[in-house]
Structure formats: structure tokens, C-alpha cells
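See structure below.
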Amino acid sequence: ELNAKLSAPLAERLRPKNLEEFYGQAKILSNGSLLRDAILNDKVRNIIFSGPPGVGKTTLVEIISTYTRAVMIKMNAVLIGIKDIKKEILLAQERFQKSKRKTIIFIDEVHRFTSSQQDALLPSIENGTITFIGATTENPSFSVNKALISRSRVFILQPLNETDLKKVVNRVIAFYKGLEKSLTIKIDKDAVDHLINSASGDARNLINALELAIGIMTPDINN
């Protein structure tokens with residue numbers, strides 16, 4: 001497991017573990033905001049996160065799972081069938097009866113959810129057996145089932161701005177400096193500006209580009 005972690009892409013290793021480390025989305029996560037308070041107080045209800053890739057949808061779900069006492073089950077709308085959904089609902093019912101622990105079911109790519117998948121899930125959302133979280137890169141108003149939208153609060157995530165992306169760059173630099181084989185990375189302003197412009201508000205894109213550039217400059221870094 002340790003080797004897998006060390007060989008994981010940098011974007012995965014730097015994925016924020018708590019709200020303090022999470023950059024961007026100040027509009028929905030500012031102090032005192034509905035979403036921030038719900039996460040910190042373990043009161044998250046049915047949610048759909050919508051936004052382009054690399055802006056923090058999955059990361060926010062991971063953060064919710066660290067703050068909640070509920071069990072988080074992660075599923076991808078493309079890869080699951082009705083049987084899988086019904087099985088998880090049954091397990092959620094048993095879990096609550098035995099230990100009073102609630103279950104959150106996270107559905108990624110929820111815009112790909114079929115009507116029959118939705119029909120299998122809806123009753124357990126309505127009776128409170130599970131809490132539902134969905135993530136989509138599409139506009140949920142047009143692409144997500146109306147029944148799911150009407151039972152969820154939609155949060156729109158925006159591309160990261162220049163200030164947020166500069167924080168991401170500094171986090172990457174700090175990561176390499178903190179390695180056992182400490183590495184001091186110096187990037188001139190033009191290069192930083194170019195990387196940020198090329199990232200198009202996508203933190204994962206930016207980290208991947210930095211990792212590639214640093215790997216080219218220091219080929220023995222992982223040896």
C-alpha cells in the first residue's frame with residue numbers, strides 16, 4: 001500500500017484531506033456558509049456537485065467522508081446496475097439497524113444515471129435510508145433526472161482562479177521540499193503564469209503539468 005501511495009500521481013498524493021487544505025470555491029465554502037457548516041457538523045443532506053473537471057468535486061466528497069460518522073459508498077453511474085444499488089440499500093438498512101450508522105451513497109457521473117437506476121435509489125432517498133451525493137460535469141438542470149434534482153441541493157463549482165492556482169503551485173513546491181531527498185524547485189514568474197493559463201482553472205491539470213516538468217528536470221527524483 002505504501003509503494004502504491006508513493007507511485008500514485010502527484011495530484012492524488014496532494015488531494016486535500018480537510019477544508020483548510022481545499023483551495024477554491026469560496027462562494028460555496030466561505031466561513032458560515034451552508035455547505036461548510038453542514039460538512040463540519042456532519043449534517044450533509046442530499047447534494048449534487050456540478051462543475052468542470054479538476055475543480056474539486058470528488059475531493060469535496062472525500063473531505064465529507066472524513067468529517068462524517070456515516071459510511072461513504074462510492075459508485076460510478078456507468079459501472080453499476082440495479083442489483084448493485086439494491087444490495088447497497090439493503091446493507092445501509094442493516095447498518096443502521098445494527099449500529100445506527102447512516103450511509104452516504106456517492107454517485108459519480110450522475111448525469112449517466114438511467115431511469116431504472118434512479119427508480120431503484122429514489123425510495124431510499126425519500127425515506128432517509130441513505131443520503132445521496134452526486135457529481136457531474138454537465139449542467140444538472142438539463143442532464144440529471146428531475147426527480148433527483150428536486151430532492152437535492154445543487155452546488156455549482158467554478159474553475160479555480162489565478163490566486164487559487166498559485167496556492168496549488170506553492171503546495172507542489174512545498175511537497176518536493178519536504179521529501180526525504182529534499183528538492184528545491186525554482187520556477188520563474190513567466191513559467192508559473194504560462195502553467196496557470198494552460199491549466200484553464202483545473203487544479204489536476206496544473207499539478208500534472210508541474211509533475212511532468214519537474215520529472216524531466218530531475219529524472220532521478222523517484223529513484
Side-chain angles (χ1 to χ4, degrees), residues 1-33 35-42 44 49-69 72 74 76 106 108 133 135 137 155-223:
E1 194 180 334
L2 181 63
N3 285 343
K5 272 189 177 175
L6 290 172
S7 61
L10 188 58
E12 200 52 49
R13 284 186 275 173
L14 291 185
R15 192 186 282 279
K17 305 287 188 296
N18 54 52
L19 286 174
E20 281 62 48
E21 293 177 356
F22 187 88
Y23 302 142
Q25 314 313 327
K27 195 171 176 183
I28 60 172
L29 280 173
S30 56
N31 284 331
S33 67
L35 181 58
R36 190 182 195 89
D37 285 351
I39 293 171
L40 292 174
N41 297 303
D42 193 8
V44 168
F49 290 126
S50 167
V55 297
K57 297 184 298 297
T58 308
T59 299
L60 262 183
V61 172
E62 296 283 353
I63 288 172
I64 288 168
S65 75
T66 66
Y67 282 97
T68 184
R69 192 177 167 269
M72 174 84 72
K74 296 165 193 152
N76 187 300
F106 166 53
D108 202 7
I133 300 180
T137 51
F155 290 99
I156 309 290
L157 280 72
Q158 306 293 340
L160 273 68
N161 62 30
E162 190 180 341
T163 307
D164 296 324
L165 291 170
K166 277 182 179 165
K167 288 180 187 171
V168 173
V169 172
N170 290 334
R171 189 137 190 256
V172 170
I173 291 169
F175 168 81
Y176 282 107
K177 196 173 178 64
L179 288 175
E180 202 175 327
K181 288 184 185 176
S182 184
L183 200 63
T184 302
I185 308 290
K186 289 187 170 62
I187 313 174
D188 66 38
K189 186 182 177 303
D190 286 351
V192 170
D193 290 345
H194 173 71
L195 284 163
I196 285 174
N197 287 333
S198 305
S200 304
D202 179 329
R204 197 184 307 120
N205 255 351
L206 177 58
I207 295 171
N208 289 345
L210 278 163
E211 184 179 24
L212 181 65
I214 292 163
I216 291 167
M217 290 188 300
T218 52
D220 63 339
I221 190 166
N222 290 316
N223 297 334

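We're numbering straight along the sequence, starting at 1. Every value quoted in this text rests on a predicted model; they were computed, and no experiment measured them.
Counting only heavy atoms from C-beta outward, the side chains of L210 and V169 approach each other to under 4.5 Å. You'll find the side chain of I39 reaches within 4.5 Å of the side chain of L60, heavy atoms only. Within the 4.5 Å cutoff, the side chain of L183 has no heavy atoms near those of the K177 side chain. The shortest side-chain heavy-atom distance between P52 and T137 does not fall under the 4.5 Å cut-off. Between F49 and L35 there is a side-chain heavy-atom pair separated by less than 4.5 Å. Contact of the L157 side chain with the I28 side chain is registered, since non-hydrogen atoms from C-beta on lie closer than 4.5 Å. Under the 4.5 Å side-chain criterion, counting only non-hydrogen atoms from C-beta, Y67 is not in contact with N41.
For K74, the salt bridge (charged side-chain N to carboxylate O under 4.0 Å, His left out) criterion is met by E62, not counting sequence neighbours.
A191 approaches I187 most closely through the heavy-atom pair CB-CG2, 3.5 Å. In terms of heavy-atom proximity, I156 sits nearest to Q25 at O-OE1, 4.4 Å. Between L160 and A203 the shortest heavy-atom distance is CD2-CB, 4.0 Å. Contact between N208 and A11 at its shortest, heavy atoms only, is OD1-CB, 4.0 Å. Scanning both residues, I196 and L206, for their nearest heavy atoms gives N-CD1, 4.3 Å. Among all heavy-atom pairs drawn from P159 and V55, the shortest one is CA-CG1, 3.6 Å.
To the nearest 0.5 angstrom, T58 atom OG1 is 5.0 Å from D108 atom CG. Going from atom CG of L195 over to atom CD1 of I207 covers 12.0 Å, rounded to the nearest 0.5 Å. Put simply, CG on N18 and CG on L40 are 10.0 Å apart, with the number rounded to the nearest 0.5 Å. How far CG of D42 is from CG of D37: 13.0 Å, rounded to the nearest 0.5 Å. Atom CG in L10 sits 9.5 Å away from atom CZ in R171 (nearest 0.5 Å). Distance check: F22 CZ to D164 CG gives 9.0 Å after rounding to the nearest 0.5 Å.
In this structure a side-chain-to-backbone donor-acceptor pair under 3.5 Å is missing from S182 to L179. Remark: the backbone N or O of G56 is not paired with any side-chain donor or acceptor of T59 at under 3.5 angstrom. Side-chain atoms of S198 come within 3.5 Å of backbone N or O of H194 as a donor-acceptor pair. Not one N or O on the side chain of S30 forms a donor-acceptor pair closer than 3.5 Å with the backbone of S33.
The pair K166-E162 counts as a salt bridge, with a side-chain nitrogen and a carboxylate oxygen less than 4.0 angstrom apart.
Atom NZ of K17 is surrounded by more than 12 heavy atoms from other residues, nucleotides or ligands within 6.0 Å.
Counting only residues at least two apart or on different chains, no salt bridge (Lys or Arg N to Asp or Glu O under 4.0 Å) pair has a member in residues 49-60. Within the structure, salt bridge (Lys or Arg N to Asp or Glu O under 4.0 Å) contacts touching residues 191-205 (residues at least two apart or in different chains) are K189-D193.
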Inset, instruction - Check the pair K167 / E21 against side-chain contact (heavy atoms from CB on, under 4.5 Å), numbers first and verdict last. - result: CA-CA 10 Å; K167 288 180 187 171; E21 293 177 356; over 6 Å; no
